There are 2 protein chains.
Amino acid sequence: MPSNTFLKLGEEKRKRIEEAFLREFAVNSYDEASLSDVVKKLGIAKGSIYQYFEDKLDLFMYLVHTCNQVKLRYVGSVAAKGFPDFWAYFRKLFELGYQFDAENPLQSHFLHNLVRNVNSPSVRDLYDELMLQSVRGFGKMVAMEIELGRFRDDLPVSTMGFMLFRIGTSIQEQLEVEKEINPGKSIEDNVPVYQGKREVLMQTVDNYIKLVRPAFDK
Amino acid sequence: MPSNTFLKLGEEKRKRIEEAFLREFAVNSYDEASLSDVVKKLGIAKGSIYQYFEDKLDLFMYLVHTCNQVKLRYVGSVAAKGFPDFWAYFRKLFELGYQFDAENPLQSHFLHNLVRNVNSPSVRDLYDELMLQSVRGFGKMVAMEIELGRFRDDLPVSTMGFMLFRIGTSIQEQLEVEKEINPGKSIEDNVPVYQGKREVLMQTVDNYIKLVRPAFDK
DNA sequence: TATATTTGTGACTGCTTAGTCATATTATGC
DNA sequence: GCATAATATGACTAAGCAGTCACAAATATA
């Protein structure tokens, strides 16, 4: 966690530093990201970073947690209960995700790139934890839907929960493979991941829902 | 591609070198893998590697291609046509994959770890190419099944193909998340990825098929 | 204003890496 | 056996990195 020194830093400077590191970690993997580069660009001393954070991983984790919290303010603003069925809620999650992306492009890019950090031993645990959290969340929803008699009950909840999680990541992955989005370029241009791609995103979401609905519904 | 020097090397020495690098790349990501470490373990000079290969990427690509060819001898030994339906073929692919793993543990581990190399800019293109190849393969099968009137035709082939591809990777990923397999440990112990996990694997495959069948079948 | 505390600094350490190249060793052809 | 070609070698280069620390500057306290 960051030191008091960092937290006392003053809005302006703190944001400037945070954003520089967000950008670095959004462009590079954890291991490739260079603190030396960032401080050079920021025009501050290397040692300062180590007055603000324990080490590279501490800084990285801080960014993960703050970004996560920001995103949670969006996707956590609604509950599954308020929707006619699970799929309406599932769909809404992507709309909120789009909104988060549009209003917090840097944080969105950072979280996007996070998915590519599975490998680094240093952040592997952190990533696994985040994934498990998400998978468990979907698992709970699946259990709820089964309870309500809306989802089939002849398969392990874990399988269905994991599948839902994977559907979410597949959607963004497919858009990338099919060159609809290009995070590498859009971060350079300082624009959101899904800039101008709202329709394409939601169309893809709808396609995926249409596809997998029969797999889950009773 | 490797030099003649490498190809002329003699079965024994060539295999020893190949296997040492396969192991290194099976344990570490491309960037983390250290040629210096491997040559030290092998007891050969660093310079020798550069008589065999252009550079690190050349060596890596050679390993990808040879492993791919070995695996293709398994999964390519059957055609979708010979099966009563697509899902029987899909299931068979995993049986053949298991067999490949059991008989070529090192190559299997290497290919397994490949999935974790999406990030490295150096191998990104190579990985994308392999993925696209696989996705296109599934796309073709989807198109065929639609032609035969067995798959639904109200969704883009690309979406359905990509989903099938993702189902395949999700199966192995879920087994890993649920600690059924542990590549990191099994490579250390010199045993196949799915050692003693045939039943669990096929059960998971069956579960996934059972789950997603209604999503694809007409 | 003088002293104490907090914050900022950047040269430096120690480490690792891919890749090179002049030299030594081994194999081949005559 | 000798000369030529092919192969093996490992110290070396240049570059990168995270993290440190003695010192300087700024700020707070008295």
Side-chain angles (χ1 to χ4, degrees), chain A residues 1-18 20-25 27-64 117 119-124 126, chain B residues 1-18 20-25 27-64 117 119-124 126:
Chain A
M1 55 190 181
S3 65
N4 285 336
T5 310
F6 180 70
L7 298 170
K8 281 192 292 181
L9 219 53
E11 190 78 4
E12 197 189 357
K13 186 169 185 186
R14 216 192 61 237
K15 269 212 163 183
R16 218 172 68 84
I17 293 175
E18 266 188 49
F21 282 106
L22 279 176
R23 167 162 272 111
E24 179 73 6
F25 285 119
V27 170
N28 306 290
S29 77
Y30 175 80
D31 291 315
E32 286 155 9
S34 160
L35 304 192
S36 309
D37 263 20
V38 178
V39 295
K40 212 188 294 172
K41 277 176 200 157
L42 277 171
I44 64 172
K46 186 105 171 264
S48 294
I49 299 307
Y50 291 86
Q51 295 229 341
Y52 304 152
F53 300 95
E54 292 276 332
D55 51 26
K56 193 182 184 183
L57 191 59
D58 187 41
L59 159 59
F60 186 74
M61 291 204 301
Y62 168 74
L63 295 175
V64 171
N117 265 318
N119 339 1
S120 289
S122 2
V123 283
R124 182 72 200 259
L126 186 64
Chain B
M1 51 187 186
S3 65
N4 285 335
T5 310
F6 179 69
L7 298 170
K8 280 192 290 179
L9 220 54
E11 190 77 6
E12 198 190 356
K13 186 169 183 184
R14 217 193 59 238
K15 269 211 161 180
R16 218 171 68 84
I17 293 175
E18 266 188 49
F21 282 106
L22 279 176
R23 167 162 273 110
E24 180 72 7
F25 285 120
V27 171
N28 305 291
S29 76
Y30 175 80
D31 292 315
E32 286 156 8
S34 160
L35 304 192
S36 309
D37 264 20
V38 177
V39 296
K40 212 188 294 172
K41 277 176 201 157
L42 277 170
I44 64 172
K46 186 99 171 270
S48 294
I49 300 307
Y50 291 88
Q51 294 230 341
Y52 304 151
F53 299 95
E54 292 275 333
D55 51 28
K56 193 182 182 182
L57 191 59
D58 187 40
L59 158 61
F60 186 74
M61 290 204 301
Y62 167 74
L63 295 175
V64 171
N117 264 318
N119 351 1
S120 290
S122 2
V123 284
R124 183 72 199 261
L126 184 66

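For the numbers below, each heavy atom of this structure counts, side chains included, while hydrogens, waters and symmetry mates do not. In the text below, chain A, chain B and the rest are named by the order of the sequence lines, each starting its count at 1. The structure displayed is predicted, hence computed values, not measured ones.
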Problem - Length of the line joining A:Ile17:CD1 and C:dT9:C1', which is rounded to integer Å - result: 14 Å
Problem - Length of the CG-C1' vector between A:Asn4 and C:dT5, whole Å - result: 14 Å
Handout entry: A:Ser48 vs C:dG8: side-chain N/O to OP1/OP2 distance below 4.0 Å
Key = no
Exercise for the section: Pick base, sugar-phosphate or nothing for B:Lys46, based on heavy-atom distances below 4.0 Å to the nucleic acid. Expected result: base
Handout entry: Length of the NZ-P vector between B:Lys56 and D:dG16, whole Å
Key = 16 Å
Handout entry: Euclidean distance, atom CZ of residue B:Phe25 to atom P of C:dT17 [Å, nearest integer]
Key = 12 Å
Exercise for the section: Could you tell me whether A:Thr5 contacts a base, only the sugar-phosphate backbone, or nothing, with contacts defined as non-hydrogen atoms closer than 4.0 Å? Expected result: sugar-phosphate
Exercise for the section: Measure from CG on A:Asp31 to P on D:dA18 and round the result to the nearest Å. Expected result: 10 Å
Handout entry: Phosphate contact (C:dT16 OP1 or OP2) by B:Lys40 side-chain N/O below 4.0 Å
Key = no
Practice task
Scan A:Tyr52 against the nucleic acid and name what it touches under 4.0 Å (heavy atoms): base, sugar-phosphate only, or nothing.
Solution key: sugar-phosphate
Exercise for the section: Check for a donor-acceptor pair, side chain of B:Tyr30 on one end and backbone N or O of B:Leu57 on the other, with a separation under 3.5 Å. Expected result: yes
Practice task
Report the distance from atom CD1 of A:Ile49 to atom C1' of D:dC21, rounded to the nearest whole Å.
Solution key: 16 Å
Exercise for the section: Identify which one of B:Ile17, B:Leu7, B:Leu59, B:Asn4 satisfies the side chain to side chain contact (heavy atoms under 4.5 Å, CB included) criterion when paired with B:Tyr52. Expected result: B:Ile17
Exercise for the section: Could you tell me whether a side-chain N or O of B:Glu24 sits under 3.5 Å from a main-chain N or O of B:Leu35, the two making a donor and an acceptor? Expected result: no
Exercise for the section: Using only side-chain N and O atoms of B:Ser34, determine if any of them is under 4.0 Å from OP1 or OP2 of C:dT16. Expected result: no
Completion exercise
Here the distance between atom C1' of C:dG8 and atom CZ of A:Phe6, to the nearest Å, is 15 Å
Exercise for the section: Name the nucleic acid region contacted by B:Lys8, choosing base, sugar-phosphate or nothing; use a 4.0 angstrom heavy-atom cut-off, strictly under. Expected result: sugar-phosphate
Practice task
Fit a plane to each ring of A:Phe25 and A:Phe60, take the angle between them on a 0 to 90° scale, and name the class: parallel (under 30°), tilted (30 to 60°) or perpendicular (over 60°).
Solution key: perpendicular
Completion exercise
Separation of C:dT5 atom C1' from A:Gln51 atom CD, nearest Å, is 12 Å
Problem - Polar side-chain atom of B:Glu18 near backbone of B:Leu63 as donor-acceptor pair, under 3.5 Å - result: no
Practice task
Scan A:Leu9 against the nucleic acid and name what it touches under 4.0 Å (heavy atoms): base, sugar-phosphate only, or nothing.
Solution key: sugar-phosphate
Practice task
May I ask you to evaluate whether B:Lys13 reaches the phosphate of D:dT7, defined as a side-chain N or O under 4.0 Å from OP1 or OP2?
Solution key: no
